[in-house]
Amino acid sequence: ARFDASPYFTIVDTVTTVREIDRYLQRGDASIALAIPAGYGSAVQSGTPVALQVVADGSDSNSTTVALGYATALVGEYASQIAAARAPSAQAGQVIDLRVRVWFNSQLESRFFMIPGVLALLLLLVTANLAAMAIVREKELGTLEQLNVTPLRRWELIVGKLLPYGVIALIDVLLVTAVAVFWFEVPLRGSVALLLAMSLIYVLCTLGLGLFISTISDTQQQAMMTA
């Protein structure tokens with residue numbers, strides 16, 4: 001009830017076993033989970049020390065650190081009130097033992113969150129900016145009309161413009177991944193093939209965004225600023 005009343009937390013769901021929280025943390029539907037053991041209420045009433053567990057998603061270390069700080073303070077305040085009601089000299093730690101477990105990034109290393117984000121940001125900047133210059137450059141030079149009267153089909157023109165940038169983007173994926181793993185020691189525990197496949201889909205989207213900007217722009221400067 002105190003977590004629900006707090007402005008810093010929103011209760012997503014209530015489950016009956018700890019195993020059921022896996023999917024919430026893995027999908028990003030929840031940031032932390034509070035595990036209340038069986039017999040908790042009777043233990044508090046009888047004055048028996050009881051352990052609570054907070055399981056946190058450590059993939060975003062900054063947000064998790066803040067969330068754990070609020071959770072620890074909330075439980076600590078609650079335990080202090082219980083201890084004060086029993087005896088003025090009682091300590092909160094003797095009432096509730098809060099045990100924190102951080103999944104996916106137990107040491108809360110910020111680079112595990114920041115470096116993969118750099119990969120996504122780099123791909124967006126490089127591909128969108130390069131693709132934004134593809135068509136508008138032909139407009140400025142006056143060669144777009146010449147291309148239109150050639151036997152070249154429209155899709156062939158688009159593929160010819162974007163394919164080199166797509167190759168550059170995939171090379172960037174390999175370079176940044178190698179630097180992340182071997183230089184910054186970010187563990188790559190997932191599928192490399194899946195990473196490349198998802199990166200390819202992401203690059204297609206960013207190239208399409210850049211091509212759209214190139215189409216609606218009249219000058220290269222305008223396209224660059226829009227991108």
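The line from OH of Tyr202 to CG of Leu207 is 11.0 Å long, rounded to the nearest 0.5 Å. Atom CG of Leu119 and atom CG of Leu124 lie 11.0 Å apart (nearest 0.5 Å).
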Stepwise side-chain contact (heavy atoms from CB on, under 4.5 Å) test for Leu196 and Leu174: CA-CA 9 Å; Leu196 293 177; Leu174 297 176; 3.9 Å; yes

Working for side-chain contact (heavy atoms from CB on, under 4.5 Å), residues Tyr78 and Val95: CA-CA 10 Å; Tyr78 175 60; Val95 179; over 6 Å; no

Candidate pair Leu123 and Val203, rule side-chain contact (heavy atoms from CB on, under 4.5 Å), full reasoning: CA-CA 7 Å; Leu123 288 179; Val203 166; 4.3 Å; yes

Worked check of side-chain contact (heavy atoms from CB on, under 4.5 Å) between Asp29 and Asp13: CA-CA 10 Å; Asp29 296 331; Asp13 200 356; over 6 Å; no

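Considering only heavy atoms from C-beta on, Asn62 stays 4.5 Å or farther from Thr65 through its side chain.
Relative ring orientation between Tyr8 and Tyr70 is described as parallel, the plane-to-plane angle staying below 30° on a 0-90° scale split at 30° and 60°.
When the shell of 6.0 Å around CE of Met225 is examined, it contains 12 or fewer heavy atoms from other residues, nucleotides or ligands. Enclosure of atom OH in Tyr24 by more than 12 non-hydrogen atoms of other residues, nucleotides or ligands within 6.0 angstrom is indicated. In this structure, Arg19 places its CZ atom where only 12 or fewer heavy-atom neighbours from other residues, nucleotides or ligands lie under 6.0 Å away. The number of heavy atoms from other shown groups lying within 6.0 Å of CD (Gln221) does not exceed 12.
In the hydrophobic clustering, where aliphatic and aromatic side chains (Ile, Leu, Val, Met, Phe, Trp, Tyr) are joined below 4.5 Å either directly or transitively, Phe113 groups with Met114.
Pairs engaging residues 109-134 under the side-chain hydrogen bond (donor to acceptor under 3.5 Å, both in side chains) rule: Glu109-Arg111, Thr127-Thr206 [sequence neighbours left out].
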Run the side-chain donor-acceptor check on residues 182-191: report pairs under 3.5 Å with partners two or more places apart or on a different chain.
unit_1 : atom_1 : unit_2 : atom_2 : d
Ser191 : OG     : Ala193 : N      : 3.4
Ser191 : OG     : Leu194 : N      : 3.2

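Checking Gln222 against Thr226 by side-chain atom types alone, no donor-acceptor pair falls below 3.5 Å.
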